[in-house]
Amino acid sequence: MNHIVLSLGEAQAPAVALRCRSHAAFISRLATYDGGTSDVVYGPGDPAEALAALAAAAGVVGDPGSADEAVRYVPTQAARGRVGAEEDGNWPQSPASRQRKTLRRTPGALFTFPLEKPAADTTAPLQVFITDWSPSPAACAVAVHPGHPLSDGLPSGRDAAFTGRYCRHPLTGDLLPIWVADWVKPEFGTGAVLVNPGHDAVDLAFGRSVGLPIRFALAPHDYDEAPANWLNPPVVKTGRAIRTGTTDGLDFAEARAAYFRILSERGLAVEHTDIGAGSFPVATFGEDGPAKLGWQPERRTVAGDGQDTGTPVRLSASPALAAADPRVRQASLAVVAASTTVETDLLALRLMLAEPALGPVHEQAPEVTMVGPVTGATEGVDAPVLGLALLTAAGATESLAVKAPQLEAAQRFLDAHERIAGVVPSDGDADPATAKAAAQIRGLLRRQDTKQAFTQLYRLQKTLAKAESVAEGSVVIYEVLARIVAGLPSRYAEERLAAAWQQL
């Protein structure tokens, strides 16, 4: 069975990153001796290819001139819906419950706006997520974010531009211009909004800045249409319908229900609860970045197939981008992540794994190990000593305060291992006491209780070191345990170590 352990800790503080790597390596060694193959990865094999695949399947946005220089992943509605409904496999309860609390649920409806002429570069319908459509007959435009499929982007220095395209208002049949605006959030709804200057303050400011008409479809109940009482925008969630034909005079809530019924009968509206997850940094612009690909600054995204190849940029990828790598998606996956990133890097990984257009994933949800924070003096400590202490001084999820006795124990263990490596064992099987102790350690390792396993292995190591003569069977058992716990070298072939592990 192909097994991959992904470490998401690379962007954390050095001690936390090393703790993540130590646990990832341990889990990989354990999986190898339990059968099959296992590799530790720290990100996608080809970051540029993975980012291009993600851009095509979902969305990535960024601005090379921004303060954080981040390229952000925008999950699709499909991925957000799957994760929000927990239809993406049986993820471990602890991270799943934390992620559940961060997802924002907004009830509303999806309205379809037929394009006047289907765009050559997209076959997808123009859908807009709307939470209040009571004033929708007065809408005068649709605005999309710069990376939207209907967008040609924004020229440098511009915050809005007309696409030259139109769509039909599904209620009235009026032609609505499609604009690109930098204030449209790609991560909310569908990345397209209905512009209604008469009934929304943001839309009013946008409409006035680009010269859109300001119409009204709602008015206070006592509005008499006299010029002295003409309406002042915006009129928000109040009054009755006006200038709407058969729905004139309806209370705004009744008008809202009527519009939805009409559009639903036309197949142009469905109820929808938007799952808000935000966006997630998956790469960073930088001249020294190892990945190189084309970027479209006007659309603020990766150049797609059939588009201009864009401006070559260099990027450094986040480990979470490994979820776009087919090799990772199709493997039995274990993930090691800092406990502080459950709602960020780990959630981004989960959403990417749920993206249908990125291809199939393994039928089982990943095993997740959340690594707690690290405090204490760790600078200047040899990496093997520190790595062993970070793995074994506390449970993975616990906060770890590194102290001198823990580092000294790790150093003594490594020194004693070198001495045992020089011992010439006698022929014979392991003695019963060694076999029993090893079986207990094996059980602890299978439960990933590295702290107790190390304590007992340290005790076994001292017993073997003090013995006048050690049977080869005992040495083999000890060395396979030391290899799994600390990755230490062994004099024996992997096949013999694996056989000893299986026989415990």
Side-chain angles (χ1 to χ4, degrees), residues 1-10 12 15-45 89-96 319-320 322-323 325 327-339 341-342 345-346 349-350 353 361-362 364-374 383-384 386-398 400 410 441-457 479-490 494 497-498 501-502 504:
M1 177 178 64
N2 185 26
H3 184 268
I4 284 179
V5 184
L6 171 63
S7 174
L8 293 183
E10 297 309 291
Q12 305 304 306
V16 176
L18 180 57
R19 194 179 186 192
C20 287
R21 289 196 295 270
S22 297
H23 278 278
F26 159 70
I27 293 169
S28 181
R29 293 190 296 267
L30 184 63
T32 296
Y33 283 104
D34 273 341
T37 61
S38 181
D39 297 309
V40 180
V41 298
Y42 303 99
N90 188 26
W91 279 69
Q93 181 59 30
S94 179
D325 189 325
R327 175 171 170 259
V328 173
R329 296 177 67 83
Q330 296 166 19
S332 172
L333 185 61
V335 181
V336 179
S339 59
T341 65
V342 172
D345 291 354
L346 187 61
L349 177 88
R350 184 178 178 184
L353 290 173
V361 295
H362 194 274
Q364 290 183 328
E367 298 177 8
V368 178
T369 299
M370 294 184 296
V371 172
V374 178
L386 180 58
L388 182 57
L390 293 174
L391 176 67
T392 61
T397 61
E398 298 173 358
L400 174 56
I441 296 169
R442 183 181 191 271
L444 291 168
L445 292 175
R446 294 292 299 277
R447 295 194 294 273
Q448 298 189 20
D449 186 347
T450 54
K451 181 179 180 179
Q452 290 301 319
F454 178 73
T455 299
Q456 295 196 26
L457 180 58
E479 290 199 2
V480 70
L481 295 174
R483 182 149 183 78
I484 292 174
V485 171
L488 297 176
S490 172
E494 287 294 319
L497 295 176
W501 170 258
Q502 294 297 330
L504 285 175

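Remember, it's a predicted structure, so these values are computed and weren't measured experimentally.
The shortest non-hydrogen separation linking Pro373 to Arg19 is O-NH1, 3.4 Å.
Applying the side chain to side chain contact (heavy atoms under 4.5 Å, CB included) criterion to Ala331, with sequence neighbours excluded, gives Asn2, Ile4. Applying the salt bridge (charged side-chain N to carboxylate O under 4.0 Å, His left out) rule to Glu398 yields no partners; only residues at least two apart in sequence or on another chain are considered. Scanning for side chain to side chain donor-acceptor pair (under 3.5 Å) contacts around Thr32 gives an empty result, with sequence neighbours left out. Partners of Asp39 according to the side chain to side chain donor-acceptor pair (under 3.5 Å) rule, which considers only residues two or more places apart in sequence or in another chain, are Arg327. Considering only residues two or more places apart in sequence or on other chains, Arg329 meets the salt bridge (charged side-chain N to carboxylate O under 4.0 Å, His left out) condition with none of them. Partners of Ala24 according to the side chain to side chain contact (heavy atoms under 4.5 Å, CB included) rule, which considers only residues two or more places apart in sequence or in another chain, are Val5, Ser7, Val40, Val336. Partners of Gln448 according to the side chain to side chain donor-acceptor pair (under 3.5 Å) rule, which considers only residues two or more places apart in sequence or in another chain, do not exist here. Every residue meeting the side chain to side chain contact (heavy atoms under 4.5 Å, CB included) condition with Ala15, not counting sequence neighbours, appears here in chain and number order: Val374, Thr378. Partners of Phe454 by ring-ring contact (aromatic ring centres under 6.0 Å, His included), not counting sequence neighbours, listed by chain and number: Phe413, Tyr458. Residues meeting the side chain to side chain contact (heavy atoms under 4.5 Å, CB included) test with Ser22, sequence neighbours left out: Leu18, Leu391. Residues meeting the salt bridge (charged side-chain N to carboxylate O under 4.0 Å, His left out) test with Arg21, sequence neighbours left out: Glu10. For the side chain to side chain donor-acceptor pair (under 3.5 Å) test, no residue two or more places apart in sequence or in another chain qualifies with Ser339.
Side-chain atoms of Asp345 do not come within 3.5 Å of backbone N or O of Ala320 as any donor-acceptor pair. Of the possible polar contacts, one joining the Gln502 side chain to the Tyr33 backbone as a donor-acceptor pair under 3.5 Å is found.
The structure places CD of Gln456 at 14.5 Å from CZ of Arg442, a figure rounded to the nearest 0.5 Å. Summarising the geometry, atom CG belonging to Leu445 is positioned 10.0 Å from atom CZ belonging to Arg29; distances are rounded to the nearest 0.5 Å.
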